Amino acid sequence: MNARSQVFELSVEGRQIEEVVASLFHTLLLNRTLGKFHYKQEGSYSIGTVGIVDVDCDFVDFTYVRAASDELNENLFREISVFRDTLRSPEGPSAGQITLEFFQKKRARWPFQAECIPWEVWHVKLDVISLANEHERQQYREKSGELLAEKVIYIAECMNRHDYVPKMPNQSELDLVFDTAYPDVQPYLFRISHQTTGPPSSSVGTTMRKFLKDTLTF
Amino acid sequence: MSSSGKVIQQQDRKDLEKYTKFFIYKTLQIIVQSRLGEKIRTKSKPFSSGTDWFNLAVRDIPEVQAEAKKALSNQQPILGQNVCVEISLKTAEGDQMVLETWYIGMNTEQSDMNVRVSYTVYNRMSIALKSLFSVSRVVPAYKISRRQGACSDDYVICYRIYGGNPQFFQLGEGYKMTKVGQVPTPTGTILINLAYRTKMMISPHKQSKESLIEVKDDHFKQDNSPKRATTPKPCSLGYRRESVAEDLGMVFEEGQDSCSTTFSTSPPDYSQPQGQNGRVPSQPIKINQALSPDVNIIHSASGKQTSFTNFHKVGAFVQHRTPKDLNTDLEDVPFLSLLKNNKVKAPDINNTQDISKIASTEENITEMGSTETLSESSHSSQASAPGDFVMVELKTPFAGVDANSDLGKFFRDCQGAPPLTTFDENNATETLDQITNQLAAFESNMKDFDDFVCSLNESGNDDI
């Protein structure tokens with residue numbers, strides 16, 4: 001099965017990283033989170049209620065809506081903050097990509113672990129920029145808000161195509177589709193990963209340049 | 001089970017009608033509540049209650065519900081015509097500008113015959129509503145509505161629900177259209193779309209001048225929409241979190257219409273018939289009849305008098321004050337009001353915290369009935385509309401309701417700082433007069449000043 005894949009590319013200031021990623025991922029997760037399932041008997045279940053929380057960003061002129069679950073929020077921010085710290089470390093990489101992947105599990109024969117099959121993948125590619133003064137930062141704060149607004153509208157459009165999502169499982173297979181670890185909500189199984197790419201490491205870069213220069217000069 | 005072939009089973013049709021009806025109600029609630037000017041926070045619950053349609057915690061404001069019922073009452077079948085919500089901005093001077101028009105419609109040419117009504121359509125409706133939540137926060141009107149009550153030039157965001165074709169021409173040139181959600185069903189695809197104004201200065205001080213088209217009250221008559229529905233209602237009519245239906249323990253009269261939260265692989269058995277198609281008496285939005293002579297009076301289609309002061313400034317986190325708190329001659333000296341306000345503010349901080357506690361725990365069995373809230377807010381607004389001066393609500397940036405958002409809120413408040421009252425256009429002539437008088441006074445005293453300067457010179461020379 002081929003997973004759907006989408007890429008968002010954005011240039012952000014270092015201090016915006018966390019909020020930009022959180023606003024996109026939370027918007028996605030809101031759509032991919034249901035209330036808790038309670039099975040009554042086989043083939044019959046009731047679903048809990050998902051609460052709604054408005055979140056104002058500090059460094060982007062933007063408000064997003066997330067599912068009301070402190071645990072889900074904390075988990076998401078834990079993942080994002082690692083990515084942020086990597087990107088913001090001094091002389092660290094100036095660009096990176098963080099990925100939110102929804103997957104379902106397929107049971108495998110003992111002793112193998114369950115196989116994870118992704119069905120929807122969202123990449124956020126960030127390019128970290130630095131701005132000269134407060135005026136520029138203010139302008140960029142607003143501009144980032146507008147860019148995020150476009151992305152959120154696009155996400156809504158994608159979600160309303162009602163493409164494939166895993167079927168509602170039987171009780172025994174609930175864990176193969178949903179993350180049941182949260183006490184209040186039930187998101188589809190997801191994981192977050194990131195990778196960073198930076199300017200070529202200075203030693204290698206300068207060596208190569210020197211080498212080329214030396215070759216060409218004579 | 002799922003409808004096989006081209007015919008939709010009767011039970012499915014019934015369910016679909018019921019889901020569609022509540023989908024419209026919830027859509028309207030979400031839209032209006034997104035323009036209240038406050039942040040929404042509802043809790044997730046492992047077990048749904050009867051009012052949690054589509055597995056989403058959306059509170060119902062009774063007034064909006066009543067308006068929605070009116071709009072739907074003459075629809076046969078449901079979504080036989082579009083249901084529209086118009087969000088507009090109304091200034092203290094009575095100028096109006098339509099900011100956006102949301103409309104829910106049905107495209108009967110696109111249907112999904114194979115989809116299961118019982119859960120799939122229900123779930124798709126839930127996703128469409130979630131998209132609605134997200135999108136409603138990212139369009140320009142959201143930011144404007146959040147600034148309600150925070151600026152000296154006051155305005156209020158109003159909504160109007162009507163049936164029929166959406167009226168785009170009021171959105172000015174270059175308005176944008178956005179698809180928000182769509183729900184394919186066996187009888188057609190339900191759509192939520194949005195058209196919104198793009199040409200406006202977000203600076204609220206200019207908006208009153210941008211009212212482009214005068215809208216007649218009976219403008220939408222052609223669409224059979226009920227006359228009274230054409231009067232825009234303020235989104236936040238003094239409603240705070242504590243006033244919503246769920247928290248007040250108010251249950252809608254249609255007990256049989258609570259949602260089913262159990263789904264099964266077999267067709268659900270609804271023993272109770274679908275009823276309540278008839279008109280439901282709407283709750284009148286109470287208005288303050290005693291108006292001071294200097295306020296703008298708008299004659300609504302129904303002949304009732306409404307006034308801007310009735311919904312004057314009920315921004316987020318504004319306290320309901322008793323008239324005696326405000327019954328001072330604040331308008332005489334503009335900046336004196338700030339000092340006054342500070343004094344009033346001190347005990348208020350505690351109140352704010354109290355309210356936030358109540359709101360966050362959601363256990364507020366508030367004894368404050370909705371009517372009480374209403375009348376109280378109208379009292380205070382009457383007292384706080386002293387002609388040309390508008391009281392600035394001082395917000396304590398670090399003692400807000402939500403500790404996480406304080407900094408951001410403070411930051412935004414700084415950005416959208418109100419202009420000095422002295423430079424307000426209404427005061428301009430007064431200020432100019434004052435300056436002229438002052439100049440004249442100075443001129444007449446010129447000789448004294450000259451003498452004084454001379455005396456300084458002389459005394460300076462003496463010292464040397």
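First the proteins, then the strands, lettered A, B, ... as listed; each starts at 1. Atoms considered below: every heavy atom in the structure, side chains included; atoms not considered: hydrogens, waters and symmetry mates. Given the structure is predicted, the values throughout are model-derived calculations rather than measurements.
Scanning all heavy atoms of the two residues, the minimum distance from B/Ser134 to A/Thr27 falls at OG-CG2, 3.6 Å. Closest of all the heavy-atom pairs between A/Gly51 and B/Ser44 is N-OG, 2.9 Å. The two residues A/Thr49 and B/Leu56 come nearest to each other via the heavy atoms CG2-C, 3.5 Å. Here the closest heavy-atom approach between residue A/Asp61 and residue B/Lys143 is recorded as O-NZ, 3.4 Å. Contact detail for A/His162 and B/Gln182: the closest heavy-atom pair is NE2-O, 2.6 Å. The minimum heavy-atom distance between A/Asp70 and B/Arg41, with the atom names listed, is OD1-NH2, 4.1 Å.
Interatomic distance, B/Thr178 OG1 to A/Tyr154 OH, rounded to the nearest 0.5 Å: 15.0 Å. From B/Thr42, atom OG1 reaches atom CG of A/Asp54 across 9.0 Å, with rounding to the nearest 0.5 Å. Of the inter-residue distances, the one linking A/Lys36 atom NZ with B/Ser48 atom OG reads 13.0 Å to the nearest 0.5 angstrom. A/Met159 contributes atom CE, which lies 9.5 Å from atom NZ of B/Lys130 (distance to the nearest 0.5 angstrom).
The neighbour count for A/Gln113 CD, taken as heavy atoms of other residues, nucleotides or ligands under 6.0 Å away, does not exceed 12.
Between chain B and the residues A/Asn31, A/Ile155, A/Asp184, the largest count of heavy-atom pairs under 4.5 Å involves A/Asn31. Among the candidates A/Gly145, A/Ala68, A/Ser69, the residue making the largest number of heavy-atom pairs closer than 4.5 Å to chain B is A/Ala68.
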Mind running side chain to side chain contact (heavy atoms under 4.5 Å, CB included) on B/Arg137 and A/Tyr64 for me, showing each step along the way?
CA-CA 6 Å; B/Arg137 268 64 173 175; A/Tyr64 64 89; over 6 Å; no
Check the pair B/Arg146, A/Thr63 against side chain to side chain contact (heavy atoms under 4.5 Å, CB included), reporting the backbone distance first and the verdict last.
CA-CA 10 Å; B/Arg146 284 290 296 274; A/Thr63 301; 4.0 Å; yes
Assess the residue pair B/Val138 and A/Ile153 against the criterion (side chain to side chain contact (heavy atoms under 4.5 Å, CB included)); give the C-alpha distance rounded to whole Å, side-chain angles, the decisive distance to 0.1 Å, and a yes or no.
CA-CA 8 Å; B/Val138 305; A/Ile153 289 173; 4.0 Å; yes
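There is no contact between A/Gln186 and chain B, counting heavy-atom distances below 4.5 Å. Contact annotation for A/Val50: both backbone and side-chain heavy atoms come within less than 4.5 Å of a heavy atom of chain B.
Below 30°, between 30° and 60°, or above 60°: for B/Tyr119 and A/Tyr45 the angle between ring planes is above 60°, a perpendicular geometry.
With hydrogens and angles disregarded, a donor-acceptor distance shorter than 3.5 Å links the side chain of A/Asn160 to the backbone of B/Val180. Using modelled atom types, no side-chain atom of B/Asn55 and backbone atom of A/Gly35 make a donor-acceptor pair closer than 3.5 Å.
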